[in-house]
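Written below as structure tokens is the structure these notes are about.
When reading the values below, keep in mind they use all heavy atoms of this one structure, side chains included, and skip hydrogens, waters and symmetry mates. In what follows, chains are A, B, ... by sequence order, proteins preceding strands, each numbered from 1.
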Number of protein chains: 2
Amino acid sequence: MVHTGACIANLLGQGGSRKYHITWRWLRFFKNDRDRRDLITCGSAAGVAAAFRAPVGGVLFALEEAASWWRSALLWRTFFTTAVVAVVLRSCIEFCRSGKCGLFGQGGLIMFDINSASTTYSSADLLAVIFLGVIGGILGSLYNFFIDKVLRAYSIINEKGPVFKIMLVIIISLLTSCCSYGLPWLLPCTPCPAYLEEDCPTVGRTGNFKNFQCPPNQYNDLASLFFNTNDDAIRNLLSLGTVKEFHLSTLFVFFVAIYFLGIITYGIAIPSGLFIPVILAGSSYGRLVGRLLGPLSNLDTGLFALLGAASFLGGTMRMTVSLCVILLELTNNLLMLPLVMLELLISKTVADCFNRGVYDQIVTLKGLPYMEAHAEPYMRNLVAGDVVSGPLISFNGVEKVSTIVHALKLTKHNGFPVINEPPFSEAPELSGLVLRSHLLVLLKGKKFTKQRVMTGLDIMRKFKAHDFSKAGLGKGLKFEDLDMNDEEMEMYVDLLPITNTSPYTVVETMSLAKAAILFRQLGLRHLLVVPKTPGRPPIVGILTRHDFMSEHVLGLPTYQSTQVDKG
Amino acid sequence: MVHTGACIANLLGQGGSRKYHITWRWLRFFKNDRDRRDLITCGSAAGVAAAFRAPVGGVLFALEEAASWWRSALLWRTFFTTAVVAVVLRSCIEFCRSGKCGLFGQGGLIMFDINSASTTYSSADLLAVIFLGVIGGILGSLYNFFIDKVLRAYSIINEKGPVFKIMLVIIISLLTSCCSYGLPWLLPCTPCPAYLEEDCPTVGRTGNFKNFQCPPNQYNDLASLFFNTNDDAIRNLLSLGTVKEFHLSTLFVFFVAIYFLGIITYGIAIPSGLFIPVILAGSSYGRLVGRLLGPLSNLDTGLFALLGAASFLGGTMRMTVSLCVILLELTNNLLMLPLVMLELLISKTVADCFNRGVYDQIVTLKGLPYMEAHAEPYMRNLVAGDVVSGPLISFNGVEKVSTIVHALKLTKHNGFPVINEPPFSEAPELSGLVLRSHLLVLLKGKKFTKQRVMTGLDIMRKFKAHDFSKAGLGKGLKFEDLDMNDEEMEMYVDLLPITNTSPYTVVETMSLAKAAILFRQLGLRHLLVVPKTPGRPPIVGILTRHDFMSEHVLGLPTYQSTQVDKG
């Protein structure tokens with residue numbers, strides 16, 4: 001859902017898809033980097049809000065995990081998005097309550113309501129919570145470790161072709177089916193409790209007590225967990241006042257099975273997420289610990305299951321505020337808030353000792369050029385001048401067309417510095433930065449002059465502002481689209497009207513760590529490095545995002561092209 | 001409470017108070033700008049968490065309102081702070097439940113629990129909500145307008161001396177007492193409802209039905225609101241299923257009285273806040289509208305009161321996510337979340353048309369050098385070079401003591417650029433920035449040389465790192481603490497060891513708007529402006545926070561020294 005939300009937002013940000021004829025004129029106003037990034041953030045917030053029916057949790061998820069660069073305006077924009085989601089969701093649930101949507105749309109605005117719980121707890125309970133959090137943190141970081149290994153293995157398999165991909169999916173589904181169907185055979189039947197108001201066993205519909213292969217009036221508790229929708233299984237695990245409903249052995253078998261099935265399922269070529277498997281494994285783990293510690297603690301096993309889910313989420317995803325609010329909105333149990341907060345903090349702290357959050361791992365694994373929020377320690381010993389690489393290609397303010405064309409052909413750079421030289425200035429001086437995409441638009445426009453003169457803003461009359469707006473992914477002008485004849489190649493073009501004359505600059509002796517902070521905090525794409533001493537060319541080089549990646553600086557290999565969904 | 005939390009945090013950040021002998025050795029690690037800022041943020045979050053028993057709301061309040069510069073690490077640090085607050089609060093409430101603390105510590109973790117409400121609502125209700133939000137937004141912005149006027153008037157009165165301050169307090173208290181005691185006389189008594197489980201009238205304790213001057217078995221409904229603690233009054237207003245408990249006229253009189261009393265009380269020399277008066281006025285307004293719209297809407301009047309409080313809070317404070325979570329944590333009613341979100345957004349949007357949030361207004365009024373998150377539009381037409389002002393005072397890498405002493409004496413600047421000159425470099429070049437406080441420490445240490453030579457890092461052996469750490473407010477070395485004789489004045493001191501050699505710089509032709517973004521996003525104090533063309537001195541000037549204030553740039557007068565508490 002998160003991914004879906006972000007994808008729709010990205011589509012809007014690209015001005016719709018021309019391929020499928022869904023495009024609007026007003027969407028072109030979003031065609032720039034900042035608005036597109038904001039839209040994607042709002043989209044992921046809306047996705048979380050819809051998936052977990054947690055509007056505020058969605059805002060915080062976007063804040064804590066999705067957005068690497070936060071603006072205060074973004075806060076109430078995402079809030080507005082999720083408010084709309086909440087109202088729409090509320091109306092749809094109201095509409096579906098009359099049974100018009102079948103199984104789809106069951107349940108209220110709160111997915112796992114455990115509000116009725118009494119929550120008096122003692123110091124013994126606090127100790128149990130701490131124990132749960134520490135073990136949960138360790139298991140969570142272990143989950144991340146396995147996910148990483150499995151994804152690396154899968155990426156090798158997936159690269160071999162679609163046949164292998166499908167084979168992998170079939171094998172995993174067979175394994176899942178075998179576990180789900182085979183394991184319940186191993187465990188004995190349980191007689192239905194006498195005090196029950198519901199049907200027991202439940203046959204032919206989703207519910208708590210699955211008959212499976214048991215005689216009448218008995219149920220198989222493991223089947224009750226496996227043969228349900230995930231939502232219902234979680235609801236079963238979180239249910240209060242049902243201490244004896246699941247056996248210890250059942251919970252143990254279910255926990256181990258779900259833990260490893262969750263690990264091997266993530267990353268195969270089907271749309272699957274992380275949240276629900278982790279909550280499922282966590283709540284079965286919590287309920288297991290709750291049963292074991294039962295004699296020592298007054299907390300209900302259902303509440304233990306909730307805390308177990310919190311500790312697993314904290315241990316794998318390493319978020320705090322957003323998970324806390326999402327869990328609050330999922331369960332509607334405000335009185336458990338202090339314990340959930342404690343649980344999340346403990347498991348996050350414990351897990352942070354071992355490895356990084358699962359989303360960070362996946363980003364690294366996919367080799368995405370993602371900048372860490374913090375500068376790496378080694379950066380303190382480097383200066384900006386050390387890192388800029390390769391021969392620098394710069395243009396004059398009024399440049400020959402052939403020079404530009406060759407530069408575009410030879411390099412993949414996205415930005416080029418523009419240097420004013422005599423006779424247009426007294427000495428060579430840095431004029432600004434010109435973007436590759438803007439250069440392509442300018443060249444395509446063919447507004448050239450025979451002489452080397454500044455045409456100034458005249459040239460801009462030919463273009464409208466949105467000609468330079470960012471095109472959709474793969475939709476922009478490509479170098480191959482240019483078509484120059486020899487005469488045009490010898491002509492000149494004035495770059496100054498499309499030059500950004502206020503690029504951010506750093507002195508070459510600036511510490512790389514401080515340059516990284518600048519880059520990250522301002523959400524930059526290029527940073528010009530200027531010399532410290534006079535009498536040298538007015539620019540030393542350009543820093544791009546890649547220059548701050550440890551792989552680039554330290555020469556480490558990157559691991560590319562793994563197929564992973566972030567759901 | 002917010003203010004108290006921030007104050008305690010600031011005290012910790014200053015390494016305790018030497019005056020009152022509360023200081024710890026380990027606190028000196030916090031003696032720097034960043035940690036102190038973070039501590040104050042955490043402190044204000046803890047304040048909100050404790051005041052409203054809303055730990056997550058506290059984190060979001062700190063995020064949305066308190067912190068102008070946010071780091072991701074800060075998120076879980078504030079979360080940790082509020083988690084500790086929540087656990088401590090929980091234990092104290094548990095301890096006090098047995099009646100050991102008297103009236104102090106009454107109530108559970110949720111202050112105004114209205115959880116039991118059924119919340120089916122129709123489109124007519126949505127219209128009512130929108131109406132409530134629009135009027136609430138207008139009333140909220142009017143509240144801000146009056147607060148601003150009243151604070152300006154009070155600041156004139158307060159400046160005249162402590163006698164006037166006390167007089168003002170006495171007058172306001174008299175007025176409040178007259179209103180509270182006088183107004184209930186105007187309204188008739190109401191017979192106690194028959195179906196009640198509580199005592200009616202309640203005499204000698206806090207409760208719903210105040211006897212006031214009525215005959216037995218009757219109560220005065222206005223007195224029930226006035227003669228209660230604020231918390232109980234709010235609880236009365238939010239109470240569900242009690243449509244007839246308060247008359248329309250009562251609600252109207254109470255609303256008008258509380259609205260204006262709230263405005264005139266804020267800013268006098270007593271510790272008072274904004275939240276509770278605004279919630280009180282908002283919920284009476286909401287209940288009033290609920291009574292008026294009763295025939296059209298199915299929502300309970302108690303829920304209308306909640307939505308009214310939300311619209312007032314949105315209209316005055318202009319926060320969204322944090323208010324939403326605080327209200328959620330105050331009332332424990334998750335099902336109202338979509339409506340509360342809608343309400344906040346509507347009232348914020350409406351009120352934003354008229355003026356700014358109340359906290360922004362107060363910051364402007366106090367003349368604090370607070371930088372707006374967004375660059376002002378006029379900044380786009382200015383470049384950094386236009387704004388740097390006054391004669392620039394810079395030092396050589398190795399500078400004569402007398403020059404430094406004179407510079408410190410003549411100016412109040414907090415940072416000075418250091419320029420390396422021959423013979424220490426080939427040409428004059430910018431070496432970095434040195435802070436006034438560090439210069440004072442260096443001069444106090446008297447590690448001077450007779451000759452003009454670089455002493456290098458030798459000099460640092462005399463100092464420990466924490467000698468340069470930031471001292472408490474008014475505790476740092478002052479210029480008057482220096483004591484130089486004539487011989488020392490003629491000697492030299494090497495500034496390079498204490499120079500920040502990686503200061504952030506901008507070229508003089510950089511747009512002021514972009515420089516402002518840099519300043520704000522990185523939380524800078526000084527920004528060096530370097531020349532664009534070679535052959536000029538290596539630095540043009542320094543930009544400080546004040547250079548980005550519109551008063552400074554446009555020459556507007558600032559309104560200083562108003563006495564306002566932010567609670």
Are B:Lys514 and A:Asn500 close enough, and set up right, to give a side-chain contact (heavy atoms from CB on, under 4.5 Å), and what steps lead you there? CA-CA 12 Å; B:Lys514 288 185 95 169; A:Asn500 170 8; 3.5 Å; yes
Would you sort out whether A:Thr505 and B:Val506 count as a side-chain contact (heavy atoms from CB on, under 4.5 Å), showing the intermediate values? CA-CA 6 Å; A:Thr505 56; B:Val506 289; 5.7 Å; no
Quick one, A:Met341 with B:Val87, criterion side-chain contact (heavy atoms from CB on, under 4.5 Å). Give me CA distance, side-chain angles, the key distance, then yes/no. CA-CA 9 Å; A:Met341 289 173 87; B:Val87 171; over 6 Å; no
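- No side-chain heavy atom of B:Val56 sits under 4.5 Å from any side-chain heavy atom of A:Leu328.
- In this structure, no portion of A:Thr349 lies under 4.5 Å from any heavy atom of chain B.
- Contacts between B:Val325 and chain A at a heavy-atom distance below 4.5 Å involve the side chain alone, from C-beta outward.
- Only the side chain of B:Leu60 comes within less than 4.5 Å of a heavy atom of chain A; its backbone N, CA, C and O stay farther away.
- Distance check: A:Lys348 NZ to B:Phe79 CZ gives 10.5 Å after rounding to the nearest 0.5 Å.
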